[in-house]
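Everything on this sheet refers to the single structure shown next.
What you see below is based on every heavy atom in this structure, not just the backbone, and it leaves out hydrogens, waters and symmetry mates.
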Amino acid sequence: MSRLFIALFVIAPYMLSSVAMSEQPNIVWISCEDISPHLGCYGDPHAITPNLDMLAKEGTRYTNAFTTAGVCAPCRSAIITGMYQNSIGTHHMRCNATIPTWLKPFPVLLREAGYYCTNNSKTDYQFSKPAKKEIWDVSGAKGHWKNRPQKSQPFFAVFNFTGCHESGIASESKYTSVTEELVPSQRQNPKKLTTLPPYYPDTAITREDWKRNYELITAMDAWAGDLIQQLKDAGEYDNTIIMYWSDHGVGLPRAKRWLYDSGTHIPLIIRVPENFHKSLDTPSLATDTQLISSVDFAPTVLNIAGIDPPSYLQGRAFLGLHLSPPREFVYGARDRMDERYDIIRTVRDTQYRYIRNFEPLKPYYQYMNTPEKGATMQEIRKKEASGQLEPVMALFSAKEKPVEEFYDTHADPFEIHNLVDDPAFSKRLGEMRHALSVWQNKIGDIGLIPEAEIEILEHDAGSRFEILHGNRGDSPVENRLATLVEIATSASDGPARIPQLLDALNNKDPSIRYWAATGIGNIGAPAKSTLIRVAECLDDPSPSVRIAAARAVAKLGSPEEALPVLEAELKSDHQWGRLAAAIVLDEMDDEARPALPSLKQSLLNQPNKYIVRVANRAINELENTTNQVP
């Protein structure tokens with residue numbers, strides 16, 4: 001049997017198209033964490049990446065590959081399932097969703113077709129069922145294609161490099177350990193680096209972080225080179241399709257966790273041996289400019305393995321036979337990042353990026369424990385405190401965000417010139433705004449449902465996906481979701497929407513009532529006349545509506561009515577309701593002072609660490625302390 005060995009490098013999303021069953025390929029992914037296309041083959045002037053550069057020379061470099069989120073776990077859940085994280089309910093960073101029983105992570109389908117499947121070793125899928133042992137033959141440090149019981153058995157093997165994770169930049173000890181084998185010629189001089197983005201303070205400390213990113217990538221390149229050499233030594237290199245990708249962009253502020261190119265544009269390199277070009281109908285391209293999403297990886301691998309991708313997959317195969325039309329857009333979503341919510345959606349074509357901020361009253365840089373520990377973030381905070389921010393830096397240190405953002409990434413690769421009000425781009429802006437709405441309705445964007453409400457609904461629905469889709473429905477409940485998208489959008493449209501928001505407070509769907517109350521809170525003082533009606537929602541059956549109503553009542557000038565409700569929610573049975581209440585209290589600043597005893601009680605015996613983090617932050621702000629929690 002002719003065997004195709006597909007090595008997939010996890011720094012850029014690549015997948016291969018279908019082949020005849022008599023030509024089932026072996027498949028290997030080589031993946032890494034937290035890097036943008038800072039590689040020599042992508043034209044970076046400082047990168048030292050000879051192994052990946054050679055892989056690109058022998059294969060194809062994809063220039064328009066993007067992830068579905070700017071952080072690892074939501075992205076990885078979409079990669080392993082072939083479905084968007086905000087469709088199946090794995091969109092919040094660190095959650096444990098129930099997925100439909102019929103949704104099989106794609107390695108399961110490969111195993112059913114005879115593949116030996118190994119993962120070495122990160123999972124981070126955001127669901128516990130099916131378990132790792134049901135997805136993989138081996139998942140862990142011993143996972144390797146060499147260990148397959150029959151040498152004739154085709155295999156799919158994943159290798160993941162964790163050394164370039166953001167912790168490798170932030171932690172001196174990890175950085176030293178990961179880069180200990182670099183020789184002097186592989187080290188970088190931070191003063192000579194010309195690629196530091198303009199939204200960072202140009203200081204020695206920031207440049208040290210930027211230098212570390214490059215050196216961690218060089219260490220990763222050596223690791224990747226060793227994996228390639230193992231294939232050569234085993235005589236498999238010319239029978240192997242190698243796919244290299246990263247799970248999202250560089251692990252620094254305004255990149256990781258964000259939906260700009262800095263957070264979602266990734267390297268993707270695929271090498272298909274010449275003897276498989278014909279059977280896979282794969283042209284010899286040095287560069288491929290088609291739009292690729294990381295949700296496309298699963299259907300692509302199935303396609304090149306000769307397995308028909310299930311119809312429920314939301315990605316498309318981009319290599320192999322019988323391909324669907326190329327993408328016009330890729331999409332991305334940001335939801336809860338650790339302890340802070342910020343619902344953002346994006347649409348990207350090959351030139352323009354559209355962003356919709358569903359919570360524009362929240363600042364770009366919300367306080368979060370993990371990124372605040374980073375040296376670059378601390379440099380940004382120092383600049384904010386000194387009032388010495390450069391204009392570009394000040395954009396992202398603002399207390400509020402624009403409702404919409406629109407960028408020409410060709411003319412403005414750092415995405416700092418918002419063109420949303422420029423009439424020259426109104427046509428494309430309108431098209432991409434519409435495309436976002438269509439996508440949200442098509443996939444069933446569960447991210448617009450408050451997290452506490454998701455946990456309540458999940459139990460009866462059977463899974464998070466089925467909350468909006470019913471029992472394996474091919475389409476979401478269109479009317480409900482369309483209304484939800486409409487009201488969530490209206491929540492940031494200002495006073496003109498007050499009548500619509502008041503009417504939505506009567507809707508039977510608690511998620512719609514939540515957005516209605518949130519919208520009135522967003523308007524604040526100009527909606528003062530709604531206070532009596534909104535206050536009635538303090539007794540709503542839904543914890544999310546009660547919390548949103550309390551926030552609104554406080555913003556309408558009656559914090560004394562809001563505080564008892566929020567303090568009660570800190571003790572409720574709903575862990576994500578507790579977090580939401582803590583966040584509102586934190587945002588209330590000095591108005592929350594009477595709730596200090598309740599906030600201090602919230603530091604103990606919580607179901608998750610995020611509640612503790614937000615409560616601690618609120619206490620520190622109120623008491624001018626610097627207490628730290630994990």
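The closest donor-acceptor contact from the side chain of Arg207 to the backbone of Pro190 lies under 3.5 Å. At distances below 3.5 Å, not a single donor-acceptor pair connects side-chain atoms of Asp338 with backbone N or O atoms of Thr370. Side-chain atoms of Ser426 come within 3.5 Å of backbone atoms of Pro423 as a donor-acceptor pair (strictly under, hydrogens ignored). Of the possible polar contacts, none joining the Asn441 side chain to the Val438 backbone as a donor-acceptor pair under 3.5 Å is found. In terms of modelled atom types and a separation under 3.5 Å, the side chain of Ser87 and the main chain of Ile443 share a donor-acceptor contact. Side-chain atoms of Arg334 do not come within 3.5 Å of backbone N or O of Ile344 as any donor-acceptor pair. Looking at Glu359, its side chain does come within 3.5 Å of a backbone N or O of Ile343 through a donor-acceptor pair. Between the Glu415 side chain and the Tyr260 main chain, no donor and acceptor come within less than 3.5 Å of each other. In this structure a side-chain-to-backbone donor-acceptor pair under 3.5 Å is present from Gln85 to Thr68. Between the side chain of Asn86 and the backbone N or O of Ile446 there is no donor-acceptor pair closer than 3.5 Å.
Nearest heavy atoms, Cys41 versus Leu52: SG-O, 4.2 Å. When all heavy atoms of Leu481 and Asp445 are compared, the pair lying nearest together is CD2-N, 3.6 Å. Across every non-hydrogen atom of Thr60 and Leu285, the tightest pair is OG1-O, 2.6 Å. Here the closest heavy-atom approach between residue Ala516 and residue Leu501 is recorded as CB-O, 3.3 Å. A pairwise comparison of heavy atoms in Glu451 and Cys95 identifies OE2-CB, 4.3 Å as the closest pair. Of all the heavy atoms in Gly315 and Pro299, the pair that sits closest is C-CG, 3.6 Å.
Proximity of the aromatic rings of His38 and Tyr214 is defined here by a centroid distance below 6.0 angstrom, and this criterion is met. Ring pair Trp258/Tyr364: centre-to-centre distance below 6.0 Å. Annotation: Tyr352 is in aromatic contact with Phe406 [ring centroid separation under 6.0 Å].
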Walk me through it: do Leu429 and Asp422 pass the test side-chain contact (heavy atoms from CB on, under 4.5 Å)? CA-CA 10 Å; Leu429 169 63; Asp422 190 329; over 6 Å; no
Stepwise, does the ring pair (Phe, Tyr, Trp, His ring centres under 6.0 Å) test hold for Trp439 with Phe329? CA-CA 10 Å; Trp439 173 71; Phe329 303 111; over 10 Å; no
Report the C-alpha distance between Thr264 and His248 in whole Å, list the side-chain angles of each, state the deciding distance to 0.1 Å, and finish with yes or no for side-chain hydrogen bond (donor to acceptor under 3.5 Å, both in side chains). CA-CA 5 Å; Thr264 61; His248 55 76; over 6 Å; no
Please step through side-chain contact (heavy atoms from CB on, under 4.5 Å) for the pair Lys383 and Glu390, ending with a clear verdict. CA-CA 9 Å; Lys383 287 286 188 180; Glu390 297 293 329; 6.0 Å; no
Is there a side-chain contact (heavy atoms from CB on, under 4.5 Å) between Leu259 and Arg345 once you walk through the steps? CA-CA 8 Å; Leu259 298 179; Arg345 298 293 181 262; 5.6 Å; no
Using side-chain contact (heavy atoms from CB on, under 4.5 Å), reason through Arg464 and Ile88 one step at a time and then give a plain yes or no. CA-CA 6 Å; Arg464 296 187 177 189; Ile88 60 175; over 6 Å; no
Working for side-chain hydrogen bond (donor to acceptor under 3.5 Å, both in side chains), residues Arg497 and Ser492: CA-CA 9 Å; Arg497 296 293 187 176; Ser492 53; over 6 Å; no
Show the numbers, then the answer: is there a side-chain hydrogen bond (donor to acceptor under 3.5 Å, both in side chains) between Ser490 and Gln500? CA-CA 8 Å; Ser490 298; Gln500 180 187 4; 3.2 Å; yes
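Looking at Arg212 and Glu215, no side-chain N of the basic residue comes within less than 4.0 Å of a carboxylate O on the acidic one, giving no salt bridge. At a threshold of 4.0 Å, the pair Asp261-Arg348 counts as salt-bridged, since one of the basic side-chain nitrogens sits closer than that to a carboxylate oxygen. The pair Asp342-Arg257 fails the salt-bridge criterion, with no side-chain N (NZ, NE, NH1 or NH2) lying under 4.0 Å from an Asp/Glu carboxylate O. Taking 4.0 Å as the cut-off between side-chain N and carboxylate O, Lys256 and Asp34 count as a salt-bridged pair. Contact check on Arg428 versus Glu328 returns a salt bridge, with a Lys/Arg side-chain nitrogen under 4.0 Å from an Asp/Glu carboxylate oxygen. Note on Arg533 versus Asp503: no salt bridge recorded, every NZ/NE/NH1/NH2 to OD/OE distance being 4.0 Å or above. Ion pairing between Arg61 and Asp53 fails under the 4.0 Å rule for side-chain N and carboxylate O.
With rounding to the nearest 0.5 angstrom, the CD atom of Gln126 is 10.0 Å from the SG atom of Cys75. Taking CG from Leu389 and OG from Ser397, the interatomic distance works out to 4.5 Å, rounded to the nearest 0.5 Å.
In this structure, Glu400 and Pro363 have side chains that are not in contact, with every pair of non-hydrogen atoms separated by 4.5 Å or more. Counting heavy atoms from C-beta outward, Ile498 and Thr530 have side chains that approach closer than 4.5 Å. Put simply, the side chain of His434 does not reach to within 4.5 Å of the side chain of Glu431, judged on heavy atoms. Contact of the Tyr331 side chain with the Val295 side chain is not registered, since no non-hydrogen atoms from C-beta on lie closer than 4.5 Å. Trp210 has its side chain within reach of Leu252: a pair of non-hydrogen atoms, C-beta onward, lies under 4.5 Å apart. In this structure, Glu339 and Asn369 have side chains that are in contact, with non-hydrogen atoms separated by less than 4.5 Å. A 4.5 Å side-chain heavy-atom check between Gln188 and Leu193 finds at least one atom pair inside the cut-off. Contact check for Met393 versus Ile380: no side-chain heavy atoms found under the 4.5 Å cut-off.
Taking the centre and axis of the six-membered ring of Tyr199, the NZ or CZ atom of Arg254 falls inside the cone set by 45° and 6.0 Å.
Arg381 and Gln378 are not linked by any side-chain donor-acceptor pair at a separation below 3.5 angstrom, with hydrogens and angles left out of the test. In this model, no donor atom of one side chain and acceptor atom of the other lie less than 3.5 Å apart for Glu379 and Thr206. Looking at Thr409 and Arg353, their side chains never bring a donor and an acceptor atom within 3.5 Å of each other. Using modelled atom types and a 3.5 Å distance limit, the side chains of Thr67 and Ser294 yield no donor-acceptor pair. If you check the side chains of Asn64 and Gln290, you find no donor sitting under 3.5 Å from an acceptor. Using modelled atom types, one finds no donor on one side chain facing an acceptor on the other under 3.5 Å when comparing Glu405 with Tyr354. Between Ser36 and His265, the side chains place no donor N or O within less than 3.5 Å of an acceptor N or O (distance only, hydrogens not considered).
Checked options Ile487, Val545, Asn506, Thr518; the residue passing with Arg513 is Val545 (criterion: side chain to side chain contact (heavy atoms under 4.5 Å, CB included)).
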